[in-house]
Amino acid sequence: MNRIENIDFCIRYLLEQNRVEAGMPDTLKEKQRLLRALMNIWEPQLLSEEFLKAQDAELQALLADKGVVEVDGELWQGDITRMKVDAIVNAANSRGLGCWHPLHACIDNAIHSAAGLQLRQECNDILRGGEISTGDAIVTKGYNLPAKYVIHTVGPIIATGIPTLEQERQLADCYRNCLRLAVENGCRSIAFCCISTGEFRFPNRRAAEIAVETVHSSLITNHSSLKVVFNVFKDIDYDIYSQLLGED
């Protein structure tokens, strides 16, 4: 199959599994959007080897289009799904199965969409209907990502926009638990996203302060040589981390 035929097969397969109806788009970009939307609403179930082969071919082609990035420094701004590190950190929700809102712009959606449906399936197998507690984390394979592993952690949700001391502790626990899982799985490098900022409403600067303080102190305490990269997407976070890391 060529690329168009391959995507069409994936779309038809997921339309049947999801029990929804939709017309087949005409352009490659529209087909890619529909495929991603169908992946976002997919309930974990058995997937055929033929589908996985077709899905993986398209996701690898998308990755080649975007390009893989190897980062030398401690700070990088851009799409975390392009980063070639041993582990990337996903800011997950408590259900731990990825974002269910089609085409949503959150990092949870981006990571699951780029990795493939195997990622949701593995999360489902680990959690078995349970949840990830705030501050805790689980680790999975990276599948179609350049990263070998994805570490999923749930940060605190700040309803008022002003975190309590307990919520600050929970955010620090996210970083500690991610570092622990990275080491336990033999990782030599890890990229952290900005956990709990954005829709979870943790103030950007305070979240960054906790991230940098916790990571640096944990590495020193544990005499760890783990390479840590702070990945940011927004300019405001880049400016904050640049100041905290002395890279401005």
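Quick caveat: nothing in here was measured; it's all calculated off a predicted structure.
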Check your understanding: Any idea which heavy atoms bring Asn144 and Leu63 closest together, and the distance?
Key -> O-CD2, 3.8 Å
Practice item. State whether a side-chain donor-acceptor pair under 3.5 Å links Glu58 with Gln32. Key: yes
Check your understanding: What orientation do His216 and Phe230 show, parallel under 30°, tilted 30 to 60°, or perpendicular over 60°?
Key -> perpendicular
Check your understanding: Among side-chain atoms of Gln243 and Arg205, is any donor-acceptor pair under 3.5 angstrom?
Key -> yes
Revision key, fill the gap. Checking Ile195, Asp136, Ile210 against Cys174 for side-chain contact (heavy atoms from CB on, under 4.5 Å), the one that qualifies is Ile195
Exercise for review: Check Gly98 against Asn93 and note the closest heavy-atom contact, atom names and distance.
Suggested key: O-ND2, 3.3 Å
Practice item. Check whether the side chains of Gln118 and Gln55 place a donor and an acceptor atom closer than 3.5 Å, and report yes or no. Key: yes
**Study point:** Nearest non-hydrogen partners of Lys227 and Gly73, listed with the distance
**Key:** CE-O, 4.1 Å
Review point. Which atom pair, heavy atoms only, marks the closest approach of Cys178 to Ile190?
Key: O-CD1, 4.0 Å
Check your understanding: Do you know which two heavy atoms are closest between Ile80 and Ala191, and how far apart they sit?
Key -> CD1-O, 4.1 Å
Point to revise | For the student: nearest non-hydrogen atoms of Leu97 and Arg120, plus distance | key: O-NE, 2.6 Å
Check your understanding: Side chains of Asn109 and Arg36: do they bring a donor and an acceptor to under 3.5 Å?
Key -> yes
